[in-house]
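Comments concern the structure below.
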Protein chains: 2
Amino acid sequence: MKKTTRDTIREKAANLFMEKGFYATSMRELARDVGMEAPSLYNHIRSKEDILKEICFDYAHRYLEGITFIRKTVSSNREQLRAVIDMHIEIALNDPASITVFNDEWKHLKVPAISDFRSMRKTYENQLLEILKEGIKRREFAHMDPDIAMYTLLSSIKWIHHKLPKNSTDRVYMKNTLERILLYGFIQK
Amino acid sequence: MKKTTRDTIREKAANLFMEKGFYATSMRELARDVGMEAPSLYNHIRSKEDILKEICFDYAHRYLEGITFIRKTVSSNREQLRAVIDMHIEIALNDPASITVFNDEWKHLKVPAISDFRSMRKTYENQLLEILKEGIKRREFAHMDPDIAMYTLLSSIKWIHHKLPKNSTDRVYMKNTLERILLYGFIQK
DNA sequence: CCTACCGATCGGTAGG
DNA sequence: CCTACCGATCGGTAGG
């Protein structure tokens, strides 16, 4: 797998979009980071929004495939939840820039892309909801409102990419700590 | 307390910044929402960034005053934590647009405002860290990494303003559910 | 991959 | 509070 110029553009773009946001990033800046003039970018990409689309949908697909796989291969709901948390942490740590864009900049997609994105997210949320609802019914989880639980869960993992652990020991430590807090709470009596 | 034109501008701006982001919002759009021409806005405000500054620092002060008050008046760390969670929920529900701006758009502040904002946030985080560390030492909370706990906590409450409860019954329900999940986790065995 | 350049739009000012 | 307007910058195209 060779890294194409297109890959470089996407990578530099993800970093700029993360730091300054989609609108505040200009194609001139991006071109400078890549090492060419702005118009030359258009030999590799179709538009500025196209880069955003690529990043957002790439990760939308990954998350969806991930949770579908987990639901198929892991039996207990508790372990499914643990696997989902792990997946989020892994993805966030592997490409923090793209994940920031995926989390915060998708709203700058235009129609019709933005509706597709929203509907993929909805599908993902529904799968996660199923895990929670099933687990509550089977008493693997405490009795609680599944919607509130789901939003809290998804939201609670959204800081990871801002505080990257340095080595793999720290990664494992972070993963374990995070899982324990989410599964057993702050009090854990 | 009369609502001045300036207040109207700030309110409409908060809503636009929430929906489209700071950079994607133009002064022409804002002017249209307020009901005047773009140049007229400058009789009430100094610049576009000034509106952003006002929103961000207003809420930075509120959160800081809030947590300082809680630390002074509430004795147990567990109840302090509960009060902090309540404060976040209350503020988020009362002015969802401004809170979205406070959460997501502060990064578009320029120097030196952005450093002031960052340092206020750091002060807030340190106060929350103290609550957690003290509570862990006194065995009011489980033994856990206080930094990871703090980031998870702050992050986990950041979805509320997107899903507003309709009435006060729903508000109380949301508050109780959220507190229970954070304090006792998903499993609550 | 570059130079030259386009129309559109931006935040903001002058002057009344 | 408005009209008229400014320089700067934007994403993107033409043509080589």
Side-chain angles (χ1 to χ4, degrees), chain A residues 2-57 97 101 104-114 117, chain B residues 2-57 97 101 104-114 117:
Chain A
K2 236 176 43 193
K3 196 161 104 181
T4 62
T5 309
R6 192 188 171 88
D7 295 334
T8 310
I9 293 174
R10 192 183 128 160
E11 187 190 314
K12 301 281 187 189
N15 277 289
L16 284 169
F17 293 170
M18 168 180 64
E19 285 159 27
K20 329 187 54 174
F22 177 72
Y23 268 92
T25 300
S26 77
M27 295 305 275
R28 269 105 178 146
E29 261 180 305
L30 175 55
R32 188 172 37 71
D33 273 19
V34 175
M36 53 174 70
E37 296 300 319
S40 304
L41 291 170
Y42 292 86
N43 291 302
H44 305 280
I45 55 144
R46 263 172 306 190
S47 67
K48 190 185 178 188
E49 202 212 353
D50 236 56
I51 309 175
L52 182 62
K53 269 200 280 201
E54 250 189 55
I55 297 171
C56 290
F57 284 97
V101 175
D104 301 339
E105 306 298 322
W106 63 269
K107 66 177 169 186
H108 296 119
L109 292 168
K110 289 182 188 121
V111 279
I114 194 166
F117 185 85
Chain B
K2 237 177 36 193
K3 194 161 105 181
T4 63
T5 308
R6 193 188 168 88
D7 295 333
T8 309
I9 293 175
R10 193 183 127 160
E11 189 190 313
K12 301 284 189 188
N15 276 288
L16 284 168
F17 293 170
M18 169 181 63
E19 286 160 26
K20 329 186 54 172
F22 177 73
Y23 268 92
T25 300
S26 78
M27 296 306 274
R28 268 107 178 146
E29 260 180 306
L30 174 54
R32 188 172 38 71
D33 274 19
V34 176
M36 53 175 70
E37 295 300 319
S40 305
L41 291 171
Y42 292 86
N43 291 302
H44 305 281
I45 54 142
R46 266 174 301 191
S47 67
K48 190 185 179 187
E49 201 211 354
D50 237 55
I51 309 176
L52 182 62
K53 268 200 280 201
E54 250 188 54
I55 297 171
C56 290
F57 284 98
V101 175
D104 302 338
E105 304 298 321
W106 64 267
K107 67 177 169 187
H108 295 119
L109 291 168
K110 291 182 186 121
V111 279
I114 195 168
F117 185 86

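The chains referred to below are lettered A, B, ... by the order of the sequence lines, with proteins before strands, and numbering in each begins at 1.
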- Task: Decide yes or no for B/M27 and B/I45: does some side-chain heavy atom of the first lie under 4.5 Å from some side-chain heavy atom of the second?
- Result: yes

- B/E105 and A/K107 ion-paired at < 4.0 Å: yes

- Query: Out of D/dC2, D/dG11, C/dG12, which nucleotide sits closest to the side chain of B/R28?
  - Reply: C/dG12

- Query: Any idea which of D/dG12, C/dA14, C/dC1 is nearest the A/S40 side chain?
  - Reply: C/dC1

- Task: Report yes if some heavy atom in the side chain of B/D104 is under 4.5 Å from a heavy atom in the side chain of A/D104; otherwise report no.
- Result: no

- Using whole Å, report how far CZ of A/R46 lies from C1' of D/dG12. 15 Å

- Note on the structure: Separation of D/dC10 atom P from A/R32 atom CZ, nearest Å, is 11 Å

- Query: When all nucleic acid strands are considered with a 4.0 Å heavy-atom cut-off, which category describes A/S26: base, sugar-phosphate, or nothing?
  - Reply: sugar-phosphate

- Message: Quick check on DNA chain D: between A/N43 and A/T25, whose nearest nucleotide comes earlier from the 5' end?
- Response: A/T25

- Item | Rounded interatomic separation in angstrom, taking OH from A/Y42 and C1' from D/dG12 | 5 Å

- To the nearest Å, give me how far apart NZ (B/K48) and C1' (C/dT9) are. 12 Å

- Among D/dG11, D/dC1, D/dT3, find the nucleotide with the atom closest to the side chain of B/T5. D/dC1

- Message: Reading 5' to 3' and counting Watson-Crick or G-U wobble pairs with both distances under 3.5 Å, write the dot-bracket notation for DNA chain C, | for bases paired outside the strand.
- Response: ||||||||||||||||

- Message: What is the distance, to the nearest angstrom, from the CD1 atom on B/I45 to the P atom on C/dT13?
- Response: 10 Å

- Nucleotide of C/dA14, D/dC1, C/dC2 approaching B/P39 most closely (side-chain heavy atoms): C/dA14

- Protein-nucleotide distance (B/E37, atom CD; D/dC2, atom C1'), rounded to Å: 7 Å

- Message: Can a side-chain donor-acceptor contact be found between B/S40 and B/N43 if the only test is distance below 3.5 angstrom?
- Response: no

- Query: Start at the 5' end of DNA chain C and walk down; is the nucleotide closest to B/S47 or to A/M36 reached first?
  - Reply: A/M36

- Task: Could you check how far CG of B/L30 sits from P of D/dC1, rounded to whole Å?
- Result: 13 Å

- Which whole-number value in Å describes the distance from B/L41 CG to C/dT13 C1'? 14 Å

- Parallel under 30°, tilted from 30 to 60°, perpendicular over 60°: which one fits the rings of B/F117 and B/F57? perpendicular

- Task: Answer yes or no: is there a donor N or O on one side and an acceptor on the other, between the side chain of B/R28 and the main chain of B/A38, under 3.5 Å?
- Result: no

- Heavy-atom distance under 4.5 Å between the side chains of A/L30 and A/K48, does that happen here? no

